[in-house]
Amino acid sequence: MPHSDSPTRITVISASMGAGHDGAATELTRHLTAAGFLVDRHDFLDLLPARIGKLLSGAYLRLLTWAPAGYQRIYAATEHERRPNPAVRALLRGAERRTLATVTPDTRAVVSTYPGASQVLGALRLRGRLEIPALTYLTDFSVHSLWVAPGIDAHLAAHAIPAAQAHEQGAAGVTVTGPMTDPRFTPADEDERRAARTRFGLPPDTPLALLVAGSWGVGPVREAAAEILGTGVALPVVVCGRNHALAERLRADGIAHVHGWVDDMPGLMHACDVLVQNAGGLCERRTARYP
């Protein structure tokens with residue numbers, strides 16, 4: 001615990017690629033601030049040169065939306081590479097100067113919630129340019145090799161599964177810390193469940209499967225919703241994030257319960273019985289009730 005007269009400063013670096021990395025960074029910041037630390041937040045996309053970060057985010061979104069099979073091929077081809085390819089390394093080197101500038105003289109540690117930032121921090125640590133500890137918080141349950149950066153002092157995981165994957169890939173200081181989640185994500189009793197269903201206009205007694213696809217609403221969401229509906233076991237309740245076109249298509253498909261961006265995600269999770277999701281560790285604290 002830092003001394004009250006001289007609070008310790010921590011730098012947290014995320015990336016606005018969807019909402020998952022930023023969400024983890026927000027909760028990490030909340031926890032650190034509550035413990036008495038001073039926290040500086042930075043978006044790694046802003047640290048890349050010549051506005052490349054925004055272009056990269058847009059290209060990533062278009063790839064996931066229009067060519068998800070292409071994204072899967074790229075992911076599979078690079079999943080077990082021990083280091084980024086030369087083009088990626090060159091891009092990341094361009095962020096080193098600005099990343100180092102985020103670390104003020106009184107900063108005592110840097111935490112990354114984005115693999116690209118972790119690669120940069122690890123490289124700076126290996127070359128002795130960053131003299132304070134650098135940590136990575138793994139937001140994903142499937143740990144791509146890019147998450148494991150040589151030079152990073154510790155890798156923090158939401159669950160034992162990603163921790164084991166990171167350890168197998170040679171990650172240093174792997175520790176299971178639990179998810180970085182909003183404190184509202186707690187199990188609900190029956191009264192809270194019924195109240196949540198009323199609030200969201202959901203049927204009171206039908207088993208419900210909550211299907212979420214991140215803030216961008218990407219992936220085979222329509223297919224998954226149709227499969228859930230086709231089982232007859234549960235009705236799908238779909239959250240499309242900011243993908244308004246997806247929401248309209250789902251309604252045209254006959255999916256009755258479709259939502260865009262939801263501010264009260266803990267409440268909606270309380271209303272449902274099982275979670276089907278592609279996001280990272282932001283929603284993992286709730287215990288599902290299977291029908």
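Throughout, residue positions are numbered sequentially from 1 according to the sequence presented.
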Apply ring-ring contact (aromatic ring centres under 6.0 Å, His included) to [X] and list each qualifying residue two or more places apart in sequence or on a separate chain.
| X | value |
| --- | --- |
| His159 | Phe141 |
| Phe44 | Tyr114 |
| His259 | Phe200 |

Would you say that [X] contacts [Y] through its side chain, given a criterion of any heavy-atom pair below 4.5 Å between the two side chains?
| X | Y | result |
| --- | --- | --- |
| His257 | Val238 | no |
| Val221 | Leu246 | yes |
| Leu135 | Val110 | no |
| Ile161 | Gln165 | yes |
| Val258 | Val237 | no |
| Leu100 | Leu130 | yes |
| Pro150 | Leu126 | yes |
| Cys240 | Leu250 | yes |

Evaluation steps, side chain to side chain contact (heavy atoms under 4.5 Å, CB included), between Tyr137 and Thr177: CA-CA 9 Å; Tyr137 181 80; Thr177 61; 3.6 Å; yes
According to a hydrophobic-cluster definition based on side-chain heavy atoms being under 4.5 Å apart (Ile, Leu, Val, Met, Phe, Trp, Tyr only), do [X] and [Y] belong together?
| X | Y | result |
| --- | --- | --- |
| Val212 | Leu208 | yes |
| Phe185 | Val276 | yes |
| Leu91 | Ile13 | yes |
| Val120 | Ile52 | yes |
| Leu38 | Leu32 | no |

[atom1]-[atom2] distance between [X] and [Y], expressed to the nearest 0.5 angstrom:
| X | Y | atom1 | atom2 | value |
| --- | --- | --- | --- | --- |
| Ile255 | Arg251 | CD1 | CZ | 11.5 Å |
| Thr33 | Leu28 | OG1 | CG | 9.0 Å |
| His270 | Arg193 | NE2 | CZ | 12.0 Å |

Evaluation steps, side chain to side chain contact (heavy atoms under 4.5 Å, CB included), between Ile132 and Arg108: CA-CA 6 Å; Ile132 60 175; Arg108 295 294 175 260; 5.6 Å; no
What closest approach, in Å, do [X] and [Y] show between heavy atoms, and which atom pair accounts for it?
| X | Y | result |
| --- | --- | --- |
| Arg89 | Pro84 | NH1-O, 2.5 Å |
| His21 | Met17 | CD2-O, 3.8 Å |
| Gly170 | Val148 | C-CG1, 4.1 Å |
| Ala163 | Val176 | CB-CG2, 3.6 Å |
| Thr139 | Ala24 | CG2-CB, 3.7 Å |
| Gly122 | Ile152 | N-CD1, 3.8 Å |

Verdict with supporting geometry, Val274 and Leu210, side chain to side chain contact (heavy atoms under 4.5 Å, CB included): CA-CA 6 Å; Val274 63; Leu210 179 60; over 6 Å; no
Side chain to side chain contact (heavy atoms under 4.5 Å, CB included) assessment of Ile10 paired with Val111: CA-CA 8 Å; Ile10 307 292; Val111 186; 4.1 Å; yes
Identify each donor-acceptor pair in which a side-chain atom of residues 222-233 lies under 3.5 Å from a protein atom, sequence neighbours left out, and give them as a table.
residue : atom : partner : partner atom : Å
Arg222  : NE   : Asp253  : OD2          : 2.8
Arg222  : NH2  : Asp253  : OD1          : 3.0
Arg222  : NH2  : Asp253  : OD2          : 3.3
Thr231  : OG1  : Ile228  : O            : 2.7
Thr231  : OG1  : Val233  : N            : 3.1

Test item: Gln169 side-chain N/O and Val143 main-chain N/O as donor-acceptor pair under 3.5 Å: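 Yes, the answer is positive, given that a donor and an acceptor are paired below the 3.5 Å cut-off.
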Arg41 (side chain) donor-acceptor with Val12 (main chain) under 3.5 angstrom: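 The answer is no, because no donor-acceptor pair under 3.5 Å joins these two groups.
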No-hydrogen, no-angle side-chain donor-acceptor test under 3.5 Å, [X] and [Y]:
| X | Y | result |
| --- | --- | --- |
| Thr107 | Thr104 | yes |
| Asp43 | Ser16 | yes |
| Thr102 | Thr11 | no |

All pairs passing side-chain hydrogen bond (donor to acceptor under 3.5 Å, both in side chains) where residues 117-128 contributes a residue, at least two apart: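 Passing the test, one end in residues 117-128: Glu96-Arg127, Ser112-Ser118, Ser118-Thr136, Arg125-Asp153.
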Is [X] salt-bridged to [Y], cutoff N-O under 4.0 Å?
| X | Y | result |
| --- | --- | --- |
| Arg197 | Asp273 | yes |
| Asp189 | Arg194 | no |
| Asp264 | Arg184 | yes |

Partners passing salt bridge (Lys or Arg N to Asp or Glu O under 4.0 Å) against Asp40 (at least two apart in sequence or in another chain):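 Only Arg9 meet the salt bridge (Lys or Arg N to Asp or Glu O under 4.0 Å) criterion with Asp40.
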